[in-house]
Each structure stands twice: as structure tokens, then as C-alpha cells.
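Down below is the structure, laid out as C-alpha cells.
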Amino acid sequence: MALSKRKVVSSLLRKGFLQRKKGHHIVLVYQNINGDLSKIRTRLSHGSHPEDLSDYLVLNMAKQVNLHRKQFEQFV
Amino acid sequence: MSIYSEKTSAPIQKSKNIASVATSKHPEDVSLDLFNPLKVDKSSQESSGVLILQELGNSTESKIVINSVPFDSDSDLVRRECVVLNALRSECGNYLTIESEDLEMSITEESLEELKDAFEAVLVISWELYILGDTQKMTQGALQLRKHLVDTYRLI
């Protein structure tokens with residue numbers, strides 16, 4: 001299932017991720033409930049890609065945040 | 001920082017050779033001392049950086065050589081020891097992925113150029129967050145990543 005980039009980013013931000021941008025790259029870093037920075041990160045880019053994340057990219061993002069793909073899709 | 005694409009059918013054996021190939025059209029003219037991590041200075045970095053090597057006839061064996069990454073207009077993040085990362089192509093053929101121990105994450109993009117660009121962006125953002133950030137507001141995992149970054153790179 002392809003996911004909208006915009007939806008993924010806004011959902012992760014609502015769930016405690018911190019956003020940092022450089023060029024067209026976006027890195028999202030998880031902060032725990034105390035606001036402490038963790039090393040759990042994922043990233044996406046707004047380069048030549050379409051608006052939606054392909055299945056392959058969703059799978060990669062899920063791995064980066066230590067979730068299975070199904071879990072990630074439910075998470076966002 | 002220079003970007004260099006070298007296409008060669010010759011097998012790559014050593015990282016020093018890769019650096020030589022990657023930084024000059026005439027590798028025999030390049031002193032290997034240039035790549036000694038103990039001898040890094042600003043001027044010697046002008047012809048290095050993050051380099052892309054793509055072997056002809058086998059795109060699954062593309063490589064990215066990490067030596068230094070521009071941090072800001074005045075300084076670079078220089079890797080203490082040059083490393084070569086294999087960029088593996090996905091089965092569908094649309095994506096390339098590198099597993100970066102430096103960043104403790106994998107990076108996927110559609111081309112080697114984008115992969116290089118993404119690596120640089122993630123490294124710079126990670127440095128800003130974990131090295132320049134408040135260590136009192138970091139988890140144990142983040143502190144370990146911080147130590148790993150400091151052990152691997154230096155800001156010059």
C-alpha cells in the first residue's frame with residue numbers, strides 16, 4: 001500500500017518525531033515521552049519522487065524505526 | 001567538494017586504489033599520502049569528498065567512497081579512515097540502498113547521485129543533533145550514536 005509522504009510526515013510529527021531538513025531531505029528523529037532524543041530515525045526526500053511513497057520505501061522506513069511494515073502502516 | 005564518477009571494468013581491490021581512481025584521471029600522479037587519514041588538511045580535501053564509483057556491466061556493485069562531507073561553508077566532516085560502501089540495487093531495479101554503519105541506518109534512493117546527497121544530508125543533520133545537541137536530553141542509544149560519530153568523523 002503506497003502512503004502519502006505528507007501524511008507520513010505529519011503523522012510522525014504528531015507521534016513525537018522531530019523534523020530536520022537539509023536541501024530536499026527530511027530526517028525525522030524520535031523523541032521519547034520525556035523529550036529525550038533517541039537514535040531512532042527515518043528519512044525521506046522531496047526530490048524527483050512522486051507524492052506517494054512506494055511499497056519499497058515504506059518497507060525501508062518501517063525498518064528504520066524498528067517496525068514491521070504492517071505496524072508502520074498502522075502507526076501512521 | 002568534487003563529485004567524481006568513474007566507470008571502470010577493472011575489479012577494485014583496495015580502498016587506497018579506489019581513492020586514487022576516484023580523485024584523478026591519472027591515478028599514477030596521485031600520492032597515496034593524500035589519503036592518509038593522519039595527514040588530513042583542508043587543502044588536501046579539495047579533490048576528495050563523497051565519491052561515486054560505478055563498475056561497467058554490473059550496476060549491483062556500485063560503490064560510494066566516503067572521505068569527507070561538507071558541513072558548512074567553512075568546515076568539513078572528515079572521516080578518520082576512508083570507507084567504501086556497497087550500493088545494492090533492489091530486485092525491482094528502481095532503488096539503491098547503502099547500509100551505513102556510520103549513521104547506524106540504511107539509506108535508499110533512486111540513483112547514486114541522490115544516494116550520495118542523502119548520505120551527506122543525514123550525516124550533517126545527525127552531527128547537528130547528536131554532537132552539537134544537549135547530551136542531557138539524549139537517550140543511551142543516542143549517546144552511543146554520538147560517541148560513534150565522534151570516533152568516526154572530525155570537523156575540520
Side-chain angles (χ1 to χ4, degrees), chain A residues 1-6 8-9 12-13 15-69 71-73 75-76, chain B residues 1 69-72 77 87-150:
Chain A
M1 181 180 75
L3 293 174
S4 155
K5 284 182 183 178
R6 186 174 297 179
V8 168
V9 171
L12 291 178
L13 291 175
K15 292 176 172 68
F17 279 75
L18 180 72
Q19 179 180 248
R20 285 288 183 273
K21 291 181 181 178
K22 181 168 175 56
H24 59 270
H25 300 279
I26 299 173
V27 176
L28 295 143
V29 188
Y30 181 66
Q31 288 180 298
N32 68 14
I33 198 164
N34 299 321
D36 295 340
L37 199 66
S38 77
K39 70 171 182 179
I40 297 173
R41 291 155 296 153
T42 187
R43 62 163 292 277
L44 50 83
S45 64
H46 283 302
S48 57
H49 305 288
E51 285 300 305
D52 288 341
L53 292 164
S54 68
D55 285 352
Y56 190 81
L57 293 177
V58 171
L59 178 63
N60 273 273
M61 290 186 78
K63 282 182 185 173
Q64 288 167 346
V65 296
N66 301 330
L67 293 175
H68 294 296
R69 184 172 135 185
Q71 292 173 319
F72 185 77
E73 287 172 353
F75 186 65
V76 298
Chain B
M1 184 201 68
V69 167
F71 182 71
D72 56 29
L77 287 169
L88 301 176
R89 188 166 288 282
S90 63
E91 284 184 12
C92 64
N94 294 337
Y95 298 104
L96 287 160
T97 300
I98 52 171
E99 296 286 340
S100 171
E101 288 186 17
D102 294 2
L103 303 172
E104 296 188 24
M105 71 185 293
S106 64
I107 297 177
T108 299
E109 280 290 352
E110 290 181 353
S111 70
L112 281 170
E113 281 292 330
E114 290 175 89
L115 207 53
K116 179 196 84 66
D117 199 42
F119 180 90
E120 292 180 351
V122 176
L123 178 60
V124 169
I125 290 172
S126 297
W127 191 271
E128 289 170 348
L129 286 172
Y130 297 104
I131 307 302
L132 305 180
D134 181 4
T135 56
Q136 300 297 315
K137 297 292 289 178
M138 292 183 194
T139 64
Q140 283 300 312
L143 291 171
Q144 286 172 2
L145 174 59
R146 182 180 195 277
K147 182 179 183 309
H148 184 63
L149 284 170
V150 168

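Being a predicted model, the structure only gives us computed values, none of them experimental. Labels below follow one simple rule: chain letters A, B, ... track the order of the sequence lines, proteins then strands, and each chain is numbered from 1.
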Task: Main-chain N/O of B/Ser106 paired with A/Gln64 side-chain donor or acceptor, under 3.5 Å - done: yes

Open item on the list: Less than 4.5 Å to any heavy atom of chain B: does that hold for the side chain of A/Lys63, its backbone, both, or neither?
Closed with: neither

Task: Whether over 12 other heavy atoms sit under 6.0 Å from A/Lys15 NZ - done: yes

- [ ] Would you confirm whether A/Tyr56, through its side chain, and B/Asn94, through its main-chain N or O, come within 3.5 Å as a donor-acceptor pair?
- [x] no

Task: B/Tyr95 side chain reached by A/Asn60 side chain, heavy atoms, under 4.5 Å - done: no

Task: Spatial distance of atom CD1 (B/Ile125) from atom NZ (A/Lys22) [nearest 0.5 Å] - done: 7.5 Å

TODO: For A/Lys39 and B/Glu104, run salt bridge (Lys or Arg N to Asp or Glu O under 4.0 Å): C-alpha distance rounded to whole Å, both residues' side-chain angles, the deciding distance at 0.1 Å, then the answer.
DONE: CA-CA 9 Å; A/Lys39 70 171 182 179; B/Glu104 296 188 24; 2.8 Å; yes

- [ ] Measure distances from B/Ser111 to the heavy atoms of chain A and classify the residue's part below 4.5 Å as side chain, backbone, both or neither.
- [x] neither

Task: Qualifying residues under side-chain hydrogen bond (donor to acceptor under 3.5 Å, both in side chains), relative to A/Arg43, sequence neighbours excluded - done: A/His25, B/Glu109

TODO: Name the region of B/Asp117, side chain, backbone, both or neither, that has any atom closer than 4.5 Å to a heavy atom of chain A.
DONE: both

Open item on the list: I need the contact set between residues 136-143 of chain B and chain A: heavy-atom distance under 4.5 Å, sorted by residue number.
Closed with: B/Gln136, B/Lys137, B/Met138, B/Thr139, B/Gly141, B/Ala142

Task: Atom group of A/Leu18 that falls short of 4.5 Å from chain B, counting heavy atoms - done: side chain

TODO: Please test B/Leu145 against A/Arg41 for side-chain contact (heavy atoms from CB on, under 4.5 Å), starting from the C-alpha separation and ending with a verdict.
DONE: CA-CA 11 Å; B/Leu145 174 59; A/Arg41 291 155 296 153; 3.5 Å; yes

